[in-house]
Structure formats: structure tokens, C-alpha cells
Amino acid sequence: MCFVGFHKRYTMAKEMITGAEALMRSLKAEGVSTIFGYPGGSIMPVYDALYDYTRGEKKAFEHILVRHEQAAAHAAQGFARVSGEVGVCLVTSGPGATNTLTGIADAMMDSTPIVVIAGQVGVNVLGTDAFQEVDLVGVAQPISKWSYQIRRAEDIAWAVSRAFYIARSGRPGPVVLDFPKNAQVATFEYEPQSVDFVRSYVAYPSLNTDAVREAAALINNSKKPMALIGQGVELGNAQNELIEFLEKADIPAGRTMLGLSALPTGHRLNMGMLGMHGNYAPNKKEQECDVLIAIGMRFSDRVTGNLDSYAKQAKVIHLDIDKSEINKNVTADVAIVADCKVSLPAITRLLDRSTHKEWIESFGPLAELENEKVIQPAINPKEGPLLMGEVVNAVAEATKGDAVLVTDVGQNQMFSCRYFKYNKKRSIVSSGGLGTMGFAIPAAMGAAFAAPDRTICMFAGDGGFQMSIQELGTIMEHRVPVKMILLNNNYLGNVRQWQDMFFQGRKSFTKMANPMYKCIAEGYDIPYSAVTERADLKAEVEKMINTDGPYILECAIKEEDNVMPMTPLGKPVDEMLLEI
């Protein structure tokens, strides 16, 4: 006798929840811990759901109330750059959303993974010019990696998972989710989703082994190889693989500004910073090397100078995860489109163990010349007003290369990047491609939440400091332990330098009248001190570093201090000026 069995299917009822609640669960599923945001009318249902997720048994997130939505985006950037995770900011529609656009564009230029979630008017009134309506997807699409409007509550889990996958995978970048109010309040049967594949989006290209062999052969036969290290090494978590590669073939390296902490400052193969205000030796030697290996960098105009004369003598090997960067500015003889954590060890395995003693030693006289003419006068002046270089050097010495550097934009950025020290990975947060003034304070807040065990040293000029000065309120409320060094020269210093050098000294609207920062610090209950005399600098820096919580150290800087060396715009990279 044959018995035919059967299985009775039991289906459990799925839980009915609101779209706002679904967003909370989806963010939790992505491992989000910190949200930077500012509430408003079109995002209020989400903030109501967030209330329960920031306290009690359901607590999953720490929400940081910023004082301006642009700061939320920059704080998310700082968090992402130091932690290696996706930064998250939450804002309302209209001006709340548009205020994040500068941060989105900045994140796109610098390959920073953030997800911006913005409220939106209900779908039923889209296109009617409803109160605080703006076409965020249309506006953000050119400056983001992906922009999407979640019109139905049922799409939330999918959209959030896809957003985080796109933001963090491949070449990282910003993603924008526009969240209409109807989708926030609608109820539906929630089901978690996980996206790890998007058709037509190849996050991690397959390694071309033929290209790897070609690259290794070029390097093995080279007499004067040189590596250019970009932020892609940090984004790919390939710092160890980089060092193994450089050391096996004995290759000297220059670093881009955003790649400075990918290779420790004290490493014997580190030849300094590339670019317009970089170090003299690596900029000169780019024009002499026979093989140029670019790793995770995009050949920015501020690195290459005049492209018509850039490294024409060299065979170029370009390693990048983004195919669009290949041959965009500099033509590559060998291109390897892959994650550098994969491509670097693949090349290293095929390299001969080499030495390039004479080639490496040839950097020395150029470095000594820069040290004599530029560095020592900048960090060890004997008289006159305080200089930016000596302030940065004092902070670098006090923190022993273990701190995170956050900069604003301008002279403060160039001086701090040049003279800070980097012993640990993910130790620099700066606005590279977009050059956003006002970046430093909020980005430093984000960095502090990402790495509470590290010292965060932020440098800003008086111009950039005032562009986001309202965030001192956020720092006050949360006692964010940011050490803020204000380099006050009463000028928009970088523009003033260019006016002096290229516009016959016509200082058109670069002189600034500044407030009493001491009173501002007192108003925000932030410890403050000022340095006007060189003899007091070391002690005041030590006091700042040893004070728990936030601190503002204002330094009265020589008004017409200049950043040198400098490659004038449009000139070949090796035509650096050591002095004006």
C-alpha cells in the first residue's frame, strides 16, 4: 500500500507597521549607529519613530542634532572617512534637503559613502509647488551615486538596503533617498530585504591578469620607479598591501592630500606630499621617473599641474576601481581596473625583490633644499609673528602622529596637511575635490563620533571657521571632544596670497574684521585660550590636548604668511617656487 503524504503550509501573519517604523528597522539592519540630522515638517513621522529608537529597550541609534543641514552632511562625511562605515544624515524637505547639496557634492568628489534621507511632500501633491517641495532627485542626481524617491511604504526595505550597498561598494559615494510623507505614514506588511547585487552595476571589476603581468614586467625592468598614493588605498583598506608592494620593489612614493595617512609619515619610502603645495622632491621626480604607478588616485589638476608636460618620459601604470578614471586626464600604458586590495598583492607576487638605492637617494638633496628654504623657516622661525607652520608642527609634536587631522579649506589646509604627522590609517579628513569652506567644524564632529578613542585636531582659518560657527552649539550640547585650532590672520588667506602673487597685490575684499572669539567660546561654554607669543605656544597646545572635551585655541597668525612651495596654476609640476 502506498501512502501519499502532504505538507501543510503554515503562514505567519506579517507585522503591520508604518513606513517610518520600517525605515528605523532598515537602518538598524544596515548597522547604523549614529545619525546626524535636523527635523522639519515633511520628516516628522520619521522623527516620531526615531524617538523610540534613541532611548529605552529599543535604543539603536544616537541622533546628533546639528544646527544646519549642511553640517549634517559634512558630519556624516567625517564619520564615514574615519570609521570606514556609511555616514547617515536625516533632514526635511525643501531648504532642509537643498542645504545638504554641498555636502553631497563634496562626498561625490571625494568618494565618501553617505546616505542622505530627506522628507518630501506627499505623492498626491508632487508637482504643485506645495510648501517646501523641491525636486530633490532631479537636483541631486548629477552629484550623487544614486538618487531615488521612495513613493510607497512597501519599497522602503529594498530602497534602504540598495542605498547602503551602492554607497559603500566599489568606489564609494553619496546616495540620496527622497521620502514622501505618504510613504512615511502608510502601514503595510513589513518584510526585511537585503540587496547585494544591482544589475548593470559592477562594484568590483574582475582582475585582468594580463594587465597585472604587464605592470609587473614594467616595474621589474624599471630603474626609476615611483608610486603615487591616493585615497583609494584607504578606501580599499589596502594599507598593508601597499607597504608590501613598495618594500618588495623598493619604490619611493608620493602621496596625494587625501592619501596622506595611507603610508606612515616616517616610512623610509615616503617622499612627501604631491601637488601644488606639496613637497619639492616628489613633484620634481615625477618628471624624471621612468615608470609611474598611480594607485587609487585620479590625477587631479592640483597634482599634475600642466598636463601637456606631465610625466611624458614615464610609462604610466594606473590602478583604480573606477574605469571612468582611466585615461581621463593621463593616458595609461597599463590600466588595472580593480579593487587595489586585490590588484596590489597580485602585482606584488610577480615582482622581483629589488633595490633602487641611488634613485631613492636622489630625492635627498631636493628634500634638503626645501627643508632649508621652506620648512625650517616655517616651523622654527626666530622672530616675528606666529606662523601657521609652527602652530601645526607644535600640535603634531604634541600628538605624536596618532591624532586625526581635520582641516578646513585654504592656507590652514595646506599648512596642516604639510606639517602634520600620520602614524595610523584613516587619519586625515579634508575637503579635497570640492574645496568646501566651512567643512572643518562639522566634519570634525563626525570624526569624533566615529573614533571616540582618538584625539581629533581641527584646523581652520577665520573665514572657514565663521562659515559653520553655529555648530559650536552642537559641540556644546554633546561635549564633542574636538580640539579646534583657529589660525586667525584676519584675511581670506589663500585668496590674499594669490592676489599678492598674480593680481599685483590688489587685495579685493579679502581683509576680514573678526569677532571676539573668546566671547563666542564663553557663550557656548567651550574652553578657550589664545596664543599671541611664540614662547606660550607649546604650553597652550599641551593644555588644549590635556583638557577633556572640546577646546578652542586661537592663534594670532602673521597676516601675510604664505604657503610654499607652490606650483603656479597652469605651470608644469616641476616648476615649483620655493620662495616668492
Side-chain angles (χ1 to χ4, degrees), residues 20-40 43 46-92 96 99-100 103-104 106-107 110 112-119 160-161 163-165 167-168 172-177 179 235 404 406 426-427 429 439-456 458 468 470-482 549-550:
E21 172 70 17
L23 177 65
M24 296 298 104
R25 297 189 186 187
S26 298
L27 291 176
K28 184 178 179 180
E30 293 298 330
V32 173
S33 61
T34 307
I35 299 171
F36 303 93
Y38 203 99
I43 200 67
V46 169
Y47 267 88
D48 185 62
L50 181 62
Y51 183 89
D52 292 330
Y53 281 83
T54 55
R55 66 203 71 216
E57 293 182 1
K58 291 175 72 173
K59 182 173 181 179
F61 313 123
E62 183 171 17
H63 178 273
I64 310 303
L65 177 66
V66 297
R67 300 308 189 257
H68 191 285
E69 292 90 351
Q70 182 176 333
H74 291 327
Q77 288 179 269
F79 184 92
R81 296 267 281 274
V82 173
S83 69
E85 303 296 328
V86 178
V88 178
C89 69
L90 183 64
V91 297
T92 194
N99 281 343
T100 67
I104 293 167
D106 196 295
D110 288 348
T112 306
I114 65 172
V115 171
V116 176
I117 303 166
V160 170
S161 183
F164 276 78
Y165 172 68
R168 65 163 65 100
V175 170
V176 176
L177 292 178
F179 198 8
L235 296 175
V404 175
V406 183
R426 293 189 177 275
S427 291
V429 181
F439 177 86
I441 296 178
M445 297 186 319
F449 282 105
D453 57 330
R454 299 188 67 185
T455 301
I456 311 297
M458 184 216 86
S468 53
Q470 76 284 340
E471 295 310 314
L472 295 179
T474 309
I475 290 173
M476 171 191 69
E477 180 176 347
H478 295 277
R479 306 312 297 171
V480 188
V482 176

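Because the structure is a prediction, the values reported are computed rather than measured.
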Indicate yes or no: at least one non-hydrogen side-chain atom of [X] is less than 4.5 angstrom from one of [Y].
X: Ile43; Y: Tyr38; answer: no
X: Asp110; Y: Arg81; answer: yes
X: Leu23; Y: Leu177; answer: no
X: Phe79; Y: Cys89; answer: no
X: Met24; Y: Val46; answer: yes
X: Ile441; Y: Ile475; answer: yes
X: Gln70; Y: Ser468; answer: no

Distance in Å, [X] [atom1] paired with [Y] [atom2], rounded so as to fall on 0.5 Å steps:
X: His478; Y: Glu62; atom1: NE2; atom2: CD; answer: 7.0 Å
X: Leu65; Y: Ile35; atom1: CG; atom2: CD1; answer: 12.5 Å
X: Glu21; Y: Lys58; atom1: CD; atom2: NZ; answer: 4.0 Å
X: Leu90; Y: Phe36; atom1: CG; atom2: CZ; answer: 12.5 Å
X: Glu477; Y: Arg67; atom1: CD; atom2: CZ; answer: 4.5 Å
X: Leu50; Y: Leu27; atom1: CG; atom2: CG; answer: 9.0 Å

Which atom names give the shortest non-hydrogen contact between [X] and [Y], and what distance separates them?
X: Ala80; Y: Gly87; answer: CB-N, 3.8 Å
X: Ala443; Y: Val406; answer: CB-CG1, 4.0 Å
X: Ala448; Y: Ile456; answer: CA-CG1, 3.8 Å
X: Val88; Y: Ile117; answer: CG1-CD1, 4.4 Å
X: Val82; Y: Arg426; answer: O-CD, 3.4 Å
X: Ala60; Y: Lys28; answer: CB-CD, 4.1 Å

Task: Partner of Val86 by side-chain contact (heavy atoms from CB on, under 4.5 Å), out of Val175, Thr112, Val115, Val32 - done: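 In the set Val175, Thr112, Val115, Val32, the residue that makes a side-chain contact (heavy atoms from CB on, under 4.5 Å) with Val86 is Val115.
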Open item on the list: Please determine whether side chain to side chain contact (heavy atoms under 4.5 Å, CB included) holds for the pair Thr474 and Met445, giving the CA-CA distance in whole Å, both sets of side-chain angles, and the decisive distance to 0.1 Å.
Closed with: CA-CA 8 Å; Thr474 309; Met445 297 186 319; 3.7 Å; yes
Open item on the list: Has Arg55 got a side-chain atom pairing as donor or acceptor with Tyr51's backbone, closer than 3.5 angstrom?
Closed with: yes
TODO: Look at the side chain of Glu471 and the backbone N and O of His68, then say whether any donor-acceptor pair between them is shorter than 3.5 Å.
DONE: yes
TODO: With side chain to side chain contact (heavy atoms under 4.5 Å, CB included) as the test, would you mind laying out the steps for Val176 and Ile104 before giving the verdict?
DONE: CA-CA 8 Å; Val176 176; Ile104 293 167; 3.6 Å; yes
TODO: Evaluate the ring planes of Tyr53 and Phe61, with Trp represented by its six-membered ring, and classify them as parallel (under 30°), tilted (30 to 60°) or perpendicular (over 60°).
DONE: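 Rings of Tyr53 and Phe61: parallel, as their planes differ by under 30°.
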Open item on the list: Quick check on Phe449: does its CZ atom have over 12 non-hydrogen neighbours (other residues, nucleotides or ligands) under 6.0 Å away?
Closed with: yes
